[in-house]
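Report on one structure; see the data block that follows.
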2 protein chains.
Amino acid sequence: MPKVGQKPIRRAALVSATIGEIGRTGSLDVTVGQIAKTAGMSTALAHSYFESKDALFLAAMRHILGEFGISVRRRLKKADTPEQRLAAIVDASFGQDQFQDHIVSAWLVFYVEAQRAPEAARLLRIYGARLHSNLVHELRQIVPLKSAANIARGTAAMIDGVYVRGAPKGGNPNYKETGHLVKEYLDVMIAYANENNGK
Amino acid sequence: MPKVGQKPIRRAALVSATIGEIGRTGSLDVTVGQIAKTAGMSTALAHSYFESKDALFLAAMRHILGEFGISVRRRLKKADTPEQRLAAIVDASFGQDQFQDHIVSAWLVFYVEAQRAPEAARLLRIYGARLHSNLVHELRQIVPLKSAANIARGTAAMIDGVYVRGAPKGGNPNYKETGHLVKEYLDVMIAYANENNGK
DNA sequence: GGATTTTTATTGATCGGTCAATCAGAAAAA
DNA sequence: TTTTTCTGATTGACCGATCAATAAAAATCC
């Protein structure tokens with residue numbers, strides 16, 4: 001059974017199991033043993049592939065962040081106008097691949113972890129900066145720079161807010177409607193910013 | 001030292017210490033012993049006043065929610081128009097007494113806890129419903145009902161989002177500016193809703 | 001091509017430590 | 001003397017991490 005090149009397979013299985021178990025319990029109160037079991041291996045082996053539980057969780061978040069980035073880039077390719085590109089970014093946040101119970105749970109845990117673990121805080125900062133930069137890049141083409149920064153912050157806050165509010169399980173009812181809330185914010189704020197500037 | 005009528009005093013001290021320790025560590029990974037020590041008593045005594053650690057945390061959140069409610073009502077008394085009353089609700093969320101590091105940390109932990117502990121989930125639902133109800137009550141006086149519900153949801157999401165984004169410590173810079181982000185959303189959305197309806 | 005050595009993969013058992021919760025009893029009012 | 005308040009010590013359980021040992025492939029040698 002033991003073959004060469006198991007490392008990437010095992011690591012992927014552990015990352016996937018970590019996200020799954022966080023989703024199942026809604027917290028990081030999951031033993032490494034339970035995660036390992038779900039991934040089909042022993043506790044010791046899990047520890048041989050990840051230095052610590054923290055490192056395992058960080059790998060899981062990097063995976064989620066990576067998938068999100070892929071989703072954004074894929075949608076951006078199909079978008080031409082700044083408006084379409086903004087919608088693409090928002091849609092990526094609320095796509096079926098991202099806006100799921102266990103992903104949302106992981107995000108919540110991530111926010112808490114970022115208060116305690118410096119590496120998690122760093123990762124969160126990077127994500128935030130990148131999102132902000134992406135939003136501003138599009139917005140400044142259609143609204144004044146000052147408004148662009150402001151609207152970008154509002155958009156990011158609302159995305160996170162919808163995530164947080166989507167967390168209490170039992171009802172993740174309407175992907176489209178939640179995303180629509182953010183896109184509506186963008187539409188109206190953009191129109192308003194230009195109206196004021198045009199005068 | 002041991003006197004009659006210590007219960008409310010001790011309980012208040014424990015609730016306060018719980019919030020403080022959550023703020024200090026940014027998580028619920030605080031021992032009851034540490035909380036008790038901060039509150040100036042033994043671990044055993046803390047357990048005699050609260051059935052469990054969960055119960056202690058819930059009491060802390062009820063306290064925060066209670067203070068928030070008081071702050072809202074105090075501000076509502078001074079407000080006359082629906083617009084002022086909406087601003088009062090938002091201002092309460094970002095007042096100096098609410099938008100503090102340890103309160104924000106407690107909120108984050110609360111969201112995670114609500115995924116696991118049914119009683120926390122219940123408390124969170126109640127808070128959400130009340131906030132929504134308050135917002136809609138004011139909004140429906142100045143915009144169509146359908147818009148009111150929509151704007152209320154957006155406002156609530158943005159409040160939570162700003163909280164979550166305010167959590168990564170090191171910079172809780174501008175109370176007023178963050179609150180302004182939400183109030184701007186309200187202003188613009190209200191104007192937009194009426195514009196569309198008037199036509 | 002078979003026997004060996006080396007490398008990689010894997011696990012059961014365990015260690016060291018932590019922590020929530022309990023209990024029996026001390027200390028101080030009433 | 002009774003009641004309330006309080007604590008040190010302890011219990012029982014859990015968990016992250018480690019380690020020694022096993023198993024199986026791959027590489028090397030004869």
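A note on names: the letters A, B, ... follow the listed sequences, proteins ahead of strands, and every chain is numbered from 1. Please read all numbers here as calculations on a predicted model, not as lab measurements.
The CG atom of B/Leu28 sits 13 Å away from the C1' atom of C/dA20 (whole-angstrom rounding). Distance, A/Leu14 CG to D/dG16 C1': 15 Å, rounded to whole Å. The CG-C1' distance, from B/Asp29 to C/dG17, rounds to 15 Å in whole Å. Rounded to whole Å, atom P of D/dC15 lies 8 Å from atom NZ of A/Lys53. For A/His47 and C/dG16, the NE2 to C1' distance is 14 Å, given to the nearest whole Å. One interatomic measurement links the two molecules: CZ of B/Arg10 to C1' of D/dC6, which rounds to 8 Å at whole-angstrom precision. Put simply, NZ on A/Lys37 is 15 Å from C1' on C/dG12, counting in whole angstrom units.
Close to C/dT8, at under 4.0 Å from its OP1 or OP2, lies no side-chain N or O of A/Gln6.
Exactly one residue among B/Gln84, B/Arg75, B/Lys183 makes a side-chain hydrogen bond (donor to acceptor under 3.5 Å, both in side chains) with B/Asp91. That residue is B/Lys183.
Residue B/Tyr49 is classed as a sugar-phosphate contact, given heavy-atom separations below 4.0 Å to backbone atoms only. A/Ser42 comes within contact range of at least one nucleobase, with a heavy-atom separation under 4.0 Å.
Put simply, CD1 on A/Ile103 and CD on A/Gln96 are 13.0 Å apart, with the number rounded to the nearest 0.5 Å. For the atom pair B/Thr155 OG1 and B/Glu138 CD, the distance stands at 12.0 Å (nearest 0.5 Å). Rounding to the nearest 0.5 Å gives a distance of 8.5 Å between CG of B/Asp160 and OG of B/Ser93.
Here the nucleotide nearest the side chain of B/Leu45, chosen from D/dC6, C/dT22, D/dC15, is D/dC6.
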